[in-house]
Structure formats: C-alpha cells, structure tokens
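Structure record follows, encoded as structure tokens.
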Amino acid sequence: MTRSVVLLVPGQGAQHPGMAVDLYHTHDGFRAAVDEVFALWGGEGARIRSDWLGTDPEIDLDDLRRSQPLLFALGYALATALRGEGIEPVALVGHSVGEVVAAVVAGVFRLHDAAEVLAERVAQLADGPPGGMLAVAASVAEVIPYLDAEVHVGAVNAARQIMLAGPSAPLANTARRLRAAEITVRPVRTRNPFHSPVLEPYADRALPTLRRLPLAPPKVPVYSGYTGKLLTAAEATDPAFWAAQPARPVYFAGALTAAAESGRHLFVETGPGQSLTALARRHPAVTATGSRVLALLPPRAGGDAAKFTSTVAEIFATTTPTSEALLP
C-alpha cells in the first residue's frame, strides 16, 4: 500500500545552532525560498540571516527575535523545496509558529502577509515578561498539584509529554517541586512564556493588522494544534484565532490523532530537529493506521543536504501521487 504525505511543522524549541545551514549552501530551491522570506523583512532579514549563518551572532538563537523568524523561514522553505521536488502534501499539522507556516502553505495567508504578522508579533511579545517553558515527562493530571499559580500547561504533545509555561521565578519554583517529586523536567529553548495567558495582552496587539488582511479558507487541510481538530474555514478567517495563538495552549497530540485517523499517511517533519518525528513515531493513532514517519533534517547541525536528499528519495519510494491519496 502507498501513503500520502502529511507535513509536521515544528515551532519554538526546535531551533539549534547550525540548523539547515548545509542545505542553504547546497540546495538552490531551499536557499531561494529562505531568501524570499528574509527579503520581506528588509534590513532585519539581512541581520537574521547573518546571525544564523555566522559564528558570532549579534543576537542569540534562542531569543525570540531570531528563533521565531528563523523557524518560520526554514519551515516555509522546506515545504517549498519539497513542492519543487514534486511532493505535494495532502494535509499539514503545525506546532506553535509552525501552524503559521502550515497556514501559508495551505493558502490561508499570503507569504508577505504572514511575514508582516510575524515581524509585528516578535516586536509585541518582546515587551512581555521574561519567562520560559519546561518539557515534562508526565500527564496533565500528574503535574497539576505542583503548578505555581502563574504556571500553566502550554502544550500537550503526548499522553505523558507536556510543556509548562510561565514567568521565570514561578516556573523555576515549579521545576524544583517537580524534580523533588522525581518527575523528569527539561528546559525548552526559549526565554519567553509562550502559550501562557500572561502573554494575552501582548498577543492581542496583532488584531489590527490581522483584521485588514485577506485571510482565506485552507486549500489544503490543516489540523490545528489550538483546537486539536481540522481547521475550519471560520477559524482560518478569524483574526482573533491567529492573534491569540502565542497565549493559547497547543494540543499537538490531539491534532496528530485527528490527522492520523484520516488515513494511512507518511508524516514528514518539515523543520529543524526531529522532535515531532519522535512524538509521531510513538503516537498510538499513527502506529494503528500503519502510517510512517520521516524527518527532512538531522537532529543536529551537519549533513542537512544528505539527509534532505535521502528523505526525499524515501518519500518517493513510499508514496502515491496526490490525486490518488487518501484525503481527510
């Protein structure tokens, strides 16, 4: 049996030094798409590229002024490069800023509009309180007794893999309590409390811009991490839905369940690292349908071009043309 391709687009925390640099220097289509995004940001785009490709960045990669734009640019460019190879997805699942990438690929946003929203979002959230996120190997029910009043569940990635978000001091207190209870905790690569209600006043600042943009229903199905379901036309064209995302929790596990239950697919992680690949390979709904999971890039810097090439070859070896694919 053949499989149809569903793209998994990662978000905050997936970034790492040297990500996709090798591919940028060797793949013309990928480089052109990355540069297309950077050009939309003008001088700031040039500075982002310099910090990404250089050895002595002016702004650290984990600063949202670098992580968010780069994750968006690389996710979009990887999807574009796949399309250049003749691989069209039948659906997309985005995580955090990856959902904005998915929306561009699906035709909800025009690229230049999404780039404008993201640039404004970065500036707006930069005014927010310092904080962070924690990856916790436990269920939501297990961690509730240990949460500080200002710490919230920021993402549910699997039954026993969640993320907590909050301001720095309360989050550190929660981390100490969890470790004392022998619950595994790992800091996520961010300096902001993404997907926490503390960011609501800052996220709402995006509404004026979003209200003047021509949002469209998706031309390709998108499974939303913010609902855990198929993105509806009403949600896709609602400015408030997109504005609220930095302050709302991500239900990636639910979105992945919905996507997996739509058919037998080949899930392809379309971004740096392999965090979503690992989650998908262990997901019960993915394994139950006989779906497979691949990553376009390696977990660490180096070998990007070779990994991309080998994954593309494997996609062609295990997929069918989109016209024959199992559509959600």
Side-chain angles (χ1 to χ4, degrees), residues 10-15 62-64 67-68 71 93-99 121-122 124-206 223-229 240-258 273 275-276 278-280 282-285:
Q12 187 67 37
Q15 75 277 3
D62 292 338
D63 189 297
L64 87 163
S67 60
Q68 292 279 297
L71 288 168
V93 186
H95 193 297
S96 189
V97 70
E99 186 154 323
R121 174 180 288 180
V122 166
Q124 290 152 357
L125 296 182
D127 290 338
M133 301 186 74
L134 297 172
V136 184
S139 67
V140 173
E142 287 173 305
V143 303
I144 291 297
Y146 302 96
L147 297 186
D148 185 282
E150 296 179 84
V151 176
H152 300 265
V153 175
V156 180
N157 293 328
R160 299 194 75 256
Q161 272 191 268
I162 67 172
M163 289 185 182
L164 302 178
S168 300
L171 194 66
N173 183 55
T174 293
R176 285 192 295 268
R177 297 179 66 194
L178 289 168
R179 291 188 177 110
E182 300 185 344
I183 296 174
T184 301
V185 177
R186 177 180 57 81
V188 176
R189 299 188 62 153
T190 181
R191 297 170 184 170
N192 301 86
F194 285 108
H195 310 301
S196 164
V198 72
L199 292 183
E200 284 180 2
Y202 308 93
D204 286 347
R205 297 177 185 177
Y223 291 90
S224 173
Y226 295 94
T227 65
K229 300 176 182 178
F241 176 82
W242 298 103
Q245 289 193 356
R248 292 181 57 191
V250 175
Y251 299 103
F252 179 76
L256 187 55
T257 297
S275 58
L276 300 188
L279 290 169
R282 295 193 296 267
H283 196 286

Please name the pair of heavy atoms, one in P167 and one in P193, separated by the smallest distance, quoted to 0.1 Å.
N-CB, 4.3 Å

For the pair Q15 (side chain) and G13 (backbone), establish whether a donor and an acceptor sit closer than 3.5 Å, ignoring hydrogens and angles.
yes

Is there side-chain contact between F241 and R248, with heavy atoms separated by less than 4.5 Å?
yes

Output the distance between atom OG1 (T190) and atom CG (D62), rounded to the nearest 0.5 Å.
7.5 Å

Taking the side chain as C-beta and beyond, is there a heavy-atom pair between F194 and L125 under 4.5 Å?
yes

Min side-chain heavy-atom separation F252-V93 under 4.5 Å
yes

Looking only at heavy atoms, the pair that brings V136 and I183 closest together is CG1-CG2, 3.6 Å

Side-chain contact, heavy-atom cut-off 4.5 Å: L164 with L178?
yes

Nearest 0.5 Å, please: how far is CZ in R121 from CD in Q68?
7.0 Å

Can you tell me how far CG of N192 sits from CG of L64, rounded to the nearest 0.5 angstrom?
4.5 Å

Taking OH in Y202 as the centre, count heavy atoms belonging to other residues, nucleotides or ligands within less than 6.0 Å. Is the count above 12?
yes

Side chains of V250 and Y226 in contact at under 4.5 Å (non-hydrogen atoms)
yes

Inter-residue atom distance L276.CG - H283.NE2, 0.5 Å rounding:
12.0 Å

Non-hydrogen atoms of H195 and G154 that approach each other most closely
CB-O, 3.3 Å

Can you give me the closest heavy-atom contact between D127 and R205, atom names plus distance?
OD2-NH1, 3.2 Å

Could you go step by step and tell me if V151 and L134 meet the side-chain contact (heavy atoms from CB on, under 4.5 Å) rule?
CA-CA 10 Å; V151 176; L134 297 172; over 6 Å; no

S224 side chain reached by E99 side chain, heavy atoms, under 4.5 Å:
yes

Interatomic spacing from CZ in R186 to CE in M133 - rounded to 0.5 Å
11.0 Å

In this structure, OG of S96 is separated from CE of M163 (nearest 0.5 Å) by 8.5 Å

With a 3.5 Å distance limit and no angle check, can you tell me whether H95 reaches the backbone of G225 through a side-chain donor-acceptor pair?
no

Please report the C-alpha distance between E150 and V198 in whole Å, then the side-chain angles of each, then the deciding distance to 0.1 Å, and finally whether the side-chain contact (heavy atoms from CB on, under 4.5 Å) criterion is met.
CA-CA 8 Å; E150 296 179 84; V198 72; 5.7 Å; no

Please report the shortest heavy-atom distance between S196 and H152, naming the atom on each side.
OG-CD2, 4.1 Å

So, for Q161 and R282, which heavy atoms are closest and what is the spacing to 0.1 Å?
OE1-NH2, 2.6 Å

Please assess Q12 against V97 for the test side-chain contact (heavy atoms from CB on, under 4.5 Å), listing each intermediate value before the final yes or no.
CA-CA 7 Å; Q12 187 67 37; V97 70; 5.8 Å; no

